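The structure appears right after this line, and notes come after that.
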Amino acid sequence: MTRKLLLVVTLIALAALSAVAGEKDPMVGGQAMYPTKNIIENAVNSSDHTTLVAAVKAAGLVETLEGTGPFTVFAPTNEAFNKLPAGTVDTLLKPETRSRSPRC
């Protein structure tokens, strides 16, 4: 169940980064987002999305999201993740959470 939640949150999160790719080099987290880069390449440059990047890595989705889309993903900021109940993000990012969780 927690892997599914992490996957859903991650996919929703990345949609926003994908959506801004259609604009002329929009700024996210103080960094330009380039349409010539994939979601991961853009996301790692945003200081506002470090938790999202960690979640993508923890979910094992880096390779998928570096691939050919299209992808629709909404990108919560670190501030949004910080509003989750205490310990939620830490639990979802633990390697043992991923290995215990059923495949989606």
Side-chain angles (χ1 to χ4, degrees):
M1 180 67 178
T2 56
R3 176 160 165 74
K4 287 183 181 182
L5 175 61
L6 180 59
L7 178 62
V8 168
V9 168
T10 302
L11 291 176
I12 290 170
L14 290 175
L17 290 176
S18 179
V20 298
E23 298 177 21
K24 178 70 175 140
D25 301 339
M27 300 296 286
V28 175
Q31 298 294 321
M33 300 290 114
Y34 301 102
T36 57
K37 293 185 176 186
N38 64 46
I39 292 171
I40 300 303
E41 291 169 330
N42 277 313
V44 298
N45 290 322
S46 171
S47 61
D48 290 341
H49 295 91
T50 56
T51 305
L52 171 65
V53 170
V56 169
K57 290 177 181 178
L61 293 172
V62 172
E63 186 176 321
T64 299
L65 294 171
E66 286 178 332
T68 305
F71 300 106
T72 300
V73 185
F74 298 94
T77 61
N78 295 338
E79 182 180 355
F81 278 111
N82 289 338
K83 292 182 181 187
L84 292 171
T88 301
V89 173
D90 291 335
T91 299
L92 291 173
L93 297 179
K94 289 181 180 179
E96 58 269 20
T97 301
R98 179 177 178 205
S99 63
R100 283 197 314 249
S101 301
R103 296 246 178 232
C104 294

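All values reported here derive from a predicted model rather than from experimental measurement.
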Inset, instruction - Mind checking the CG-OG1 spacing from L93 to T88? Nearest 0.5 Å is all I need. - result: 10.5 Å
Legend entry - Euclidean distance, T77 OG1 relative to K83 NZ, rounded to 0.5 Å: 8.0 Å
Inset, instruction - Write out all pairs satisfying side chain to side chain donor-acceptor pair (under 3.5 Å) with one or both partners inside residues 62-71, taking only residues at least two apart or from two chains. - result: none
Inset, instruction - With rounding to the nearest 0.5 Å, note down the distance linking CG in N42 to OG1 in T36. - result: 7.5 Å
Inset, instruction - Drop me the distance from L65's CG to I39's CD1, to the nearest 0.5 angstrom. - result: 5.5 Å
Inset, instruction - First locate atom OG1 of T91, then atom CG of L84, and finally report the distance between them rounded to the nearest 0.5 Å. - result: 11.0 Å
Legend entry - From V44, D48, T50, residue fulfilling side-chain contact (heavy atoms from CB on, under 4.5 Å) relative to S46: D48
Inset, instruction - Taking N78 for its side chain and S47 for its backbone only, find out whether a donor-acceptor pair lies under 3.5 Å. - result: yes
